[in-house]
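Here the structure comes first, spelled out in structure tokens, and everything after it is commentary.
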Amino acid sequence: MAVSASVKHDIRLISSTFVVVKSMLLIITQLVVKQYDTSSQLLFTSPHVPSQLNYVLSRLLVWDTVFFIKIAQRGYVYEQEWAFGWLWNCTIRVVGDWFVLPFLTVLYPALAEGESDDVGNKVGSIYGYAIAAVIIAHVGHYLAAVTLYLTSGIIEQHIRSKSSDDTKLPTNGSQSVFPVVSALLYIISPGGIFMSAGYAESLFAFFSFLGIYFRETEQHIFAGLAFFVCCGLRGNGVLWGIIFLNDLFESAKVRNWNKSMAVIVGGSLVGIGFLSGQVYAYFRYCPDREWCNNTIPLIYGFVQSHYWNNGFLKYWRTWQIPNFLFAFPTWFLFYRSYQKFRSIPRLRPYVIVEMSMFVMSIFLWHVQIITRVGTCMPLVYWYVAERIFADVPEEEGVAEKQWSFKGIIKRAREDFRRHEGLWEVRYMITWIGVQAVLYASFIPPA
């Protein structure tokens, strides 16, 4: 199938923007001189590799990535590590063993000849898994941006039908810029440095967008396979099962039994993806652990509550106010996209998934993680893209300068109302830069 010139141009624009943004984030992390916590530096101390590589990796692989690469190296050892998706660690292990480590051992043969840890892994292998995690994160983010571009081209017809009259989306059959703008916005997603530094979020988002693409093209079993992978990468992937419940209800209502069967198979794959790791953990630990006697004996919920302090209102403490402030802009985008798209039937299941994540992040999770976990929700980027087109230029002579406090607030509110999309883009660009500094310094949010 021939690819049009406009699509080629869009992909080139997405690719070049991606390289520029990723390069800037990498540079920012390397400018950080001191870290609040230096645990990652303990992993990268080998004298057999350039000191510059040790420095770069110690700035990129902090916080949870230390767990990811250690689990990839020697498997699950401690119970609390089951908070992290089994498929993400397996992916790091496979890419590291098959592609990165062979290349590294050619460049630095001493890595393969060094000492071994207590389970027989070469200590130097941590470099292979660290680099693999970073590579996968970058590839996942790029593929997610391209997949969002393709999906946006399909979903645009539903959004345009509900757009206001002053929307600047072309309606005369010309090539729309809505898909490429959505993809470009995703590159500067509030997930920022977490989409580069070895977290599962970028790969999770790619398979989320791929599942939505298959759903929009009525390929429900393939959608189920994509969301199956999501569940293996992150536990909250199970929320995508809501889409299949919605589609099953809709297809059964019109007695489309063939579609209903495909939806059931696809939805079952989501459940299997989530339960597979839980079943393995049950047979590994039970009946010796306390969670084995729960009504629903899932290790994931127990670990999140017992070790990581997740649970209803557990994070509502005065000292967590800064993290609530970090989360607020993403919550705002979630809420605004909910207001915009809740009345569009085709988008309603995505709205339900987004609002479920919204509520859970406020009451159950460490609130600040919504900035990265929420990157899988395409409604945010569709909303901001729509707002950019709907921004209203200021009328000449209307803006009267008032320097009283009330006057300044009034002007600020009016400016935001007219240029909301632009302000949201400004937030994304500013935030990912600030976030990169905080991350590399081992300072929240993470």
Side-chain angles (χ1 to χ4, degrees), residues 1 3-4 6-15 17-18 139-163 169-170 175-191 195 201-230 233 237 239-244 246-247 262-263 266 270 333-334 337-338 340-342 344-354 357 373-389:
M1 184 176 66
V3 179
S4 67
S6 61
V7 172
K8 290 180 180 179
H9 173 270
D10 289 347
I11 296 299
R12 284 196 297 269
L13 179 59
I14 292 169
S15 302
T17 304
F18 182 86
V139 172
H141 192 184
Y142 179 76
L143 292 176
V146 173
T147 307
L148 182 62
Y149 167 77
L150 298 174
T151 306
S152 301
I154 298 173
I155 210 72
E156 182 183 6
Q157 59 181 316
H158 304 291
I159 295 175
R160 288 170 67 176
S161 65
K162 295 291 182 179
S163 298
L169 286 170
Q175 177 67 29
S176 170
V177 297
F178 176 81
V180 72
V181 170
S182 300
L184 292 174
L185 288 169
Y186 190 71
I187 293 173
I188 57 170
S189 157
M195 312 293 279
E201 272 70 12
S202 58
L203 197 63
F204 181 88
F206 164 57
F207 281 102
S208 295
F209 297 159
L210 187 63
I212 293 172
Y213 176 85
F214 283 134
R215 187 249 180 181
E216 292 302 320
T217 53
E218 299 294 335
Q219 301 179 72
H220 298 282
I221 295 178
F222 286 113
L225 285 171
F227 293 133
F228 168 92
V229 176
C230 288
L233 294 170
L239 292 175
W240 289 122
I242 293 172
I243 294 176
F244 294 91
N246 174 86
D247 290 350
V263 170
V270 178
L333 291 171
F334 270 41
S337 59
Y338 157 76
K340 180 69 177 179
F341 299 128
R342 63 184 174 182
I344 303 178
R346 188 66 184 178
L347 301 186
R348 196 166 294 142
Y350 307 137
V351 172
I352 296 173
V353 173
E354 183 181 69
M357 191 176 293
V373 176
T375 54
C376 65
M377 296 311 307
L379 296 180
V380 167
Y381 311 101
W382 292 335
Y383 170 74
V384 177
E386 179 80 353
R387 279 302 312 175
I388 291 172
F389 295 125

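Numbering of residues begins at 1 and proceeds along the displayed sequence. Values below: all heavy atoms of this structure, side chains included; hydrogens, waters and symmetry mates excluded.
- Partners of Leu143 under the side-chain contact (heavy atoms from CB on, under 4.5 Å) rule, at least two apart in sequence or in another chain, are Val139, Phe206.
- Here CZ of Phe389 is found 7.5 Å from CZ of Phe178. Values are rounded to the nearest 0.5 Å.
- Considering only heavy atoms from C-beta on, Ser182 stays 4.5 Å or farther from Glu156 through its side chain.
- Residues meeting the salt bridge (Lys or Arg N to Asp or Glu O under 4.0 Å) test with Glu354, sequence neighbours left out: none.
- Note that the CD1 atom of Ile243 and the NE2 atom of His220 stand 10.5 Å from one another [nearest 0.5 Å].
- A search for side-chain contact (heavy atoms from CB on, under 4.5 Å) contacts involving Phe228 returns Leu269, Ile272, not counting sequence neighbours.
- Within the 4.5 Å cutoff, the side chain of Ile159 has heavy atoms near those of the Leu347 side chain.
- Tyr142 pairs by the ring-ring contact (aromatic ring centres under 6.0 Å, His included) definition with Phe18, not counting sequence neighbours.
- Thr375 places none of its side-chain heavy atoms less than 4.5 Å from the side chain of Phe204.
- Under the side chain to side chain donor-acceptor pair (under 3.5 Å) criterion, Ser189 pairs with Tyr381, not counting sequence neighbours.
- Evaluation of the salt bridge (charged side-chain N to carboxylate O under 4.0 Å, His left out) test over residues 373-385, restricted to residues two or more places apart or in two chains, returns none.
- Of all the heavy atoms in Ala385 and Val181, the pair that sits closest is CB-CG1, 3.8 Å.
- For the pair Ser337 and Met377, the minimum side-chain heavy-atom distance is 4.5 Å or more.
- Lys8 contributes atom NZ, which lies 12.5 Å from atom CG of Asp10 (distance to the nearest 0.5 angstrom).
- A distance of 10.0 Å separates CG of Leu203 from CE of Met195, quoted to the nearest 0.5 Å.
- Applying the side chain to side chain donor-acceptor pair (under 3.5 Å) criterion to Ser208, with sequence neighbours excluded, gives Trp240.
- Closest non-hydrogen pair, Ala183 versus Tyr149, comes out as CB-CB, 3.8 Å.
- Val373 approaches Met357 most closely through the heavy-atom pair O-SD, 4.0 Å.
- Applying the side-chain contact (heavy atoms from CB on, under 4.5 Å) rule to Phe222 yields the partners Phe214, Gln219, Leu225; only residues at least two apart in sequence or on another chain are considered.
- Summarising the geometry of Ile14 relative to Ala145, their closest heavy-atom pair is CG2-CB, 4.3 Å, with the distance given to 0.1 Å.
- Here Arg348 pairs with nothing under the side chain to side chain donor-acceptor pair (under 3.5 Å) rule; sequence neighbours left out.
- Legend: residues meeting ring-ring contact (aromatic ring centres under 6.0 Å, His included) with Phe209, ordered by chain and number and at least two apart, are Tyr186.
- The side chain to side chain donor-acceptor pair (under 3.5 Å) check on Ser152 picks up Trp382, with sequence neighbours excluded.
- By the side-chain contact (heavy atoms from CB on, under 4.5 Å) test, Glu216 pairs with Ile154, Ile155, His158, Ile212, Arg346, Tyr350, sequence neighbours left out.
- Leu233 contributes atom CG, which lies 9.5 Å from atom CD of Glu201 (distance to the nearest 0.5 angstrom).
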